[in-house]
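Please read the structure below before turning to the comments.
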Amino acid sequence: MILELPDGYETRLRSAQSRLSGGQMQRIGLARAMCGEPPIVVLDEPNSNLDAIGTDALNAAIRTIKLRKGAVIVMAHRPAAIRECDLLLVLENGTPTAFGPRDEVLRKTVQNHHKMLLASNDPKSTP
């Protein structure tokens, strides 16, 4: 995506004159967060402005961090954002109400959990 900008990595971006969509800005923010391979990356609503391609890129980035033994903390409301999560912590008004393996927590806390698991296209998910 960055290479498609007029000057690639050298493109100057200014918030007031940004030529980027919200999704593009999120993807650049994710790339910046991954620079230097930090051991922990915290993502707050990382797919709030992403289209399907951006969401796929986000999930690939999370897999990359995990493969190098890094940790990713994702705060999200959208199911697609938790596709690569192994564990879930559900908070209601700041109080923990569920914690454990993703699929187990979804089964216990979400009525349409089977649809969420199928939609994730994750072979390790079991409805």
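If you read the sequence from its start, that first residue is 1, and numbering goes on from there. What you see is a predicted model, and the numbers here were worked out from it, not measured in a lab.
- The two residues A57 and R27 come nearest to each other via the heavy atoms CB-NH2, 3.7 Å.
- Pairing each heavy atom of L50 with each of G23, the nearest pair is CD2-O, 3.4 Å.
- Y9 and I28 fall within a single hydrophobic cluster, where Ile, Leu, Val, Met, Phe, Trp and Tyr are joined by side-chain heavy atoms under 4.5 Å apart, directly or via other members.
- Remark: the backbone N or O of N49 is paired with a side-chain donor or acceptor of Q26 at under 3.5 angstrom.
- Here the closest heavy-atom approach between residue A61 and residue L30 is recorded as CB-CD2, 3.7 Å.
- Rounding to the nearest 0.5 Å gives a distance of 8.5 Å between CD of E4 and CE of M1.
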| Should T109 and T97 be marked as a side-chain contact (heavy atoms from CB on, under 4.5 Å) after you check the CA-CA gap, both sets of side-chain angles, and the distance that decides it? | CA-CA 9 Å; T109 60; T97 59; 5.5 Å; no
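- How far CD1 of I2 is from CG of D7: 13.0 Å, rounded to the nearest 0.5 Å.
- The number of heavy-atom neighbours closer than 6.0 Å to CZ of R68, taken from other residues, nucleotides and ligands shown, is above 12.
- Shown here for L89 and F99, the closest heavy-atom pair between the two residues is CB-CD1, 3.9 Å.
- Each of L43 and L67 belongs to its own hydrophobic cluster when Ile, Leu, Val, Met, Phe, Trp and Tyr are linked at side-chain heavy-atom distances under 4.5 angstrom.
- The structure places CD1 of I73 at 11.0 Å from CG of L87, a figure rounded to the nearest 0.5 Å.
- With hydrogens and angles ignored, the 3.5 Å screen pairs a side-chain donor or acceptor of K66 with a backbone N or O of E84.
- Without hydrogens or angle criteria, Q24 side chain to S21 main chain gives a donor-acceptor distance under 3.5 Å.
- Across all non-hydrogen atoms, the minimal contact from T55 to A80 is CG2-CB, 4.0 Å.
- In this structure the side chain of D56 reaches within 4.5 angstrom of the side chain of R83, judged on heavy atoms.
- The two residues L58 and N47 have their closest heavy-atom pair at CD2-CB, 3.8 Å.
- Residues V105 and V90 form a side-chain contact, since some pair of their non-hydrogen atoms from C-beta on lies under 4.5 Å apart.
- Looking at L88 and E104, their side chains never come closer than 4.5 Å, going by heavy atoms from C-beta outward.
- I82 and V41 fall into different hydrophobic clusters, where Ile, Leu, Val, Met, Phe, Trp and Tyr are joined by side-chain heavy atoms under 4.5 Å apart, directly or via other members.
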